[in-house]
Number of protein chains: 2
Amino acid sequence: MKSAKQIILRLFQYREFLMRAKSIGIKNVYSDTLAEALGSTATQVRKDFSLFGITGNKRAGYKLDDLLSQLSELLGKNQKQKIIIAGAGNLGKALMQYDGFKKEGIEIVALFDNDPVKVNIESSPPILPIERLFEFIGKNKINLGVIAVPYFAAQQMLDLMILAGIKGVLNFAPISLKSPKDFFINDINLRLELETVAYFIKPLKQED
Amino acid sequence: MKSAKQIILRLFQYREFLMRAKSIGIKNVYSDTLAEALGSTATQVRKDFSLFGITGNKRAGYKLDDLLSQLSELLGKNQKQKIIIAGAGNLGKALMQYDGFKKEGIEIVALFDNDPVKVNIESSPPILPIERLFEFIGKNKINLGVIAVPYFAAQQMLDLMILAGIKGVLNFAPISLKSPKDFFINDINLRLELETVAYFIKPLKQED
DNA sequence: ACAGTAATGTGAAATATTTCACATTACTGT
DNA sequence: ACAGTAATGTGAAATATTTCACATTACTGT
Ligand SMILES: NC(=O)c1ccc[n+]([C@@H]2O[C@H](COP(=O)([O-])OP(=O)(O)OC[C@H]3O[C@@H](n4cnc5c(N)ncnc54)[C@H](O)[C@@H]3O)[C@@H](O)[C@H]2O)c1
Ligand SMILES: NC(=O)c1ccc[n+]([C@@H]2O[C@H](COP(=O)([O-])OP(=O)(O)OC[C@H]3O[C@@H](n4cnc5c(N)ncnc54)[C@H](O)[C@@H]3O)[C@@H](O)[C@H]2O)c1
């Protein structure tokens, strides 16, 4: 099984749509429905399912509840996920205040910062001094971290997290981090994502 | 020329690294240097360049300044880019306060919100009432927008932006938006990005 | 001056991903 | 009861992307 990041992201998107469809009372969907919703194709949808052994009903599409539970199981959404965030700046706090994680079983259990002004053990989740990161990860068996510190602090933060037992991170620092092969890093560089849009909307010169 | 989003993103990453390398006094780089820096391969780097007609010096790699200016030209970084943000919530404000855009020629000229409490025409950039979005885009010839409103408001926001003359958006709302074919949308769903990491660090069952 | 070599640049091969084409199947309607 | 059909599921084909292999070239060192 390859499970490239792309396919997994699509499976999450299918699930996302299905949950919304369920909430408005829909009971059955077709590969076509999913395709339409994501701007993809019906074949793509069925191929994705086929790759993971997810099946529907010939002629009658997919029972929404069944499909949803198959996807949830596959994607590991039946377990809760605790995460910590390194860096309680603009982005760290935006994530902290976002209310969309909880209902998907993602709990931000703490943020960490080296700026005493940012520290606030009373907030929910608490913002703790960075010195407590290592111990906290171990004690609470956290395996997923978010890196929202400036780029020059990102590698040391990652090293510390790895040492403490973290297995994968979502990294917002605009720098390519080094890690062991079995460690999973998902890099998101928001500025580059913005610049990419800018590139594609530029009037083309003589490209063909 | 295909110019898939992926390649363009890599070109931006090369540029990113080169700027940092330049700042520490490096004058020459090799495809190997770039590959190492991004966790890619030297062939990939040269192939990417080759596809866009970027050339170096056989045997002597690339002169950093030359390469940088070729990439900058190609990626359209010689022009400034003005952008607006719809939604001055957690994420909109995080972007507003981020200081890394300006030095890359990206200027957030205004945010827009329908919550009077959020509006602040004195801030820099100003947070304006949503009613002014349409007129503002037209007057200031903005062609790039960011969607940072809740998902239920995202499509109407996009429609409005398109009507006003926007050519592409970075969309944070967790929903697949409909737009004309020649309109460019870059979707970023932060929750799914986090869930993807969670998926990959799960102890595998019997996948092979 | 020139041999050795370490780099680029790029077709071709390999691999990954998407799309096509169609056999299979179960529902629907009479 | 059964013919028609509208859907799935999936090998095979097509396409896209990455990697290989190596000819070319210009620098380096003597
Ligand atoms: N905010 C954005 O819109 C945006 C856009 C693109 C990229 N990014 C990147 O995301 C990351 C976070 O951005 P931000 O805007 O939240 O930055 P920020 O400066 O607002 O916050 C960074 C936080 O990290 C803390 N910090 C610094 N060094 C630390 C250390 N060694 N240990 C612990 N904490 C430390 C700081 O005290 C601060 O609170 C940065 O790498 C930034 O380049 C952010
Ligand atoms: N903050 C995060 O970490 C995070 C994570 C994942 C996804 N998202 C997505 O990003 C988007 C923004 O998230 P956020 O956390 O900033 O949300 P938020 O609720 O903090 O901010 C949304 C803002 O949009 C404004 N708004 C609502 N309807 C509007 C309308 N019709 N016109 C103009 N303004 C309107 C609200 O007043 C608010 O200020 C949302 O779609 C959210 O689902 C955010």
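Just so we're clear, the structure is a prediction, and the values are computed from it rather than from any experiment. Proteins get letters first, then strands, A, B, ... in listed order; numbering begins at 1 in each.
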Would you list the pairs meeting ring-ring contact (aromatic ring centres under 6.0 Å, His included) in which at least one residue belongs to residues 150-176 of chain A, sequence neighbours left out?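 Residue pairs with at least one partner in residues 150-176 of chain A: there are none.
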
Could you pull out every donor-acceptor pair under 3.5 Å between side chains of residues 47-61 of chain A and any protein atom, sequence neighbours left out?
unit_1, atom_1, unit_2, atom_2, d
A:Asp48, OD1, A:Arg10, NH2, 2.8
A:Asp48, OD2, A:Arg10, NE, 2.7
A:Asp48, OD2, A:Arg10, NH2, 3.3
A:Asp48, OD2, A:Tyr14, OH, 2.7
A:Asn57, ND2, A:Gly61, O, 3.2

Quick one: which residue pairs count as a salt bridge (Lys or Arg N to Asp or Glu O under 4.0 Å) with a foot in residues 100-109 of chain A, not counting sequence neighbours?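 For residues 100-109 of chain A: A:Arg15-A:Glu104.
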
Measure from [atom1] on [X] to [atom2] on [N] and round the result to the nearest Å.
X: B:Ile8; N: D:dT17; atom1: CD1; atom2: C1'; answer: 15 Å
X: A:Leu34; N: D:dG9; atom1: CG; atom2: P; answer: 12 Å
X: A:Lys63; N: C:dA26; atom1: NZ; atom2: C1'; answer: 14 Å
X: B:Lys27; N: D:dC27; atom1: NZ; atom2: C1'; answer: 20 Å
X: B:Asp32; N: C:dA6; atom1: CG; atom2: C1'; answer: 11 Å

Determine: side-chain N/O of A:Ser31 to OP1/OP2 of D:dT8, distance under 4.0 Å, yes or no. yes

B:Tyr62 side chain N/O closer than 4.0 Å to the phosphate oxygens (OP1, OP2) of C:dG9?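 True: B:Tyr62 side-chain N/O within range (under 4.0 Å) of C:dG9 OP1/OP2.
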
Go through the structure and list residues passing salt bridge (charged side-chain N to carboxylate O under 4.0 Å, His left out) with A:Lys22, not counting sequence neighbours. A:Asp65

With sugar-phosphate taken as primed atoms, P, OP1 and OP2 and all else as base, the protein-contact string of nucleotides 18-25 of chain D at under 4.0 Å (heavy atoms; B, S, -) is SBBB--BB

Side-chain donor-acceptor distances from residues 183-197 of chain B under 3.5 Å, at least two apart:
unit_1, atom_1, unit_2, atom_2, d
B:Asn186, OD1, B:Lys5, NZ, 2.8
B:Asn186, ND2, A:Glu193, O, 3.1
B:Asn186, ND2, A:Glu193, OE1, 2.9
B:Asp187, OD1, B:Asn171, ND2, 2.8
B:Asn189, OD1, B:Arg191, N, 3.2
B:Asn189, OD1, B:Leu192, N, 3.1
B:Arg191, NH1, A:Glu16, OE1, 3.4
B:Arg191, NH1, B:Glu195, OE1, 3.0
B:Arg191, NH2, A:Glu16, OE1, 3.0
B:Arg191, NH2, A:Glu16, OE2, 2.7
B:Glu193, OE1, A:Asn186, ND2, 2.9
B:Glu195, OE2, A:Lys77, NZ, 2.5
B:Thr196, OG1, B:Leu192, O, 2.7

List the atom pairs, with distances to 0.1 Å, where a side-chain N or O of residues 134-146 of chain B and a protein N or O form a donor-acceptor pair under 3.5 Å, not counting sequence neighbours.
unit_1, atom_1, unit_2, atom_2, d
B:Glu135, OE2, B:Lys139, NZ, 3.2
B:Asn140, ND2, B:Phe136, O, 2.9
B:Asn143, OD1, B:Gln81, NE2, 2.8

Degree of bending in the helix from C:dA1-D:dT30 to C:dT30-D:dA1 once both end axes are built from five pairs, to 10°: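 If I round to tens, the end axes sit 20° apart.
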
Tell me whether B:Ser72 contacts the main-chain N or O of B:Ser69 through its side chain, where contact means a donor paired with an acceptor under 3.5 Å.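 Checked: no pair found.
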
Ignoring hydrogens and angles, write down the donor-acceptor pairs under 3.5 Å from the side chains of residues 91-101 of chain A, residues two or more places apart or on other chains.
none

Could you tell me whether A:Asn57 contacts a base, only the sugar-phosphate backbone, or nothing, with contacts defined as non-hydrogen atoms closer than 4.0 Å? sugar-phosphate

Would you indicate what B:Phe49 reaches in the nucleic acid, counting non-hydrogen atoms under 4.0 angstrom: base, sugar-phosphate, or nothing? nothing

Can you confirm whether A:Lys178 sits close enough to A:Asp159 that some side-chain heavy atom of one is under 4.5 Å from a side-chain heavy atom of the other? no

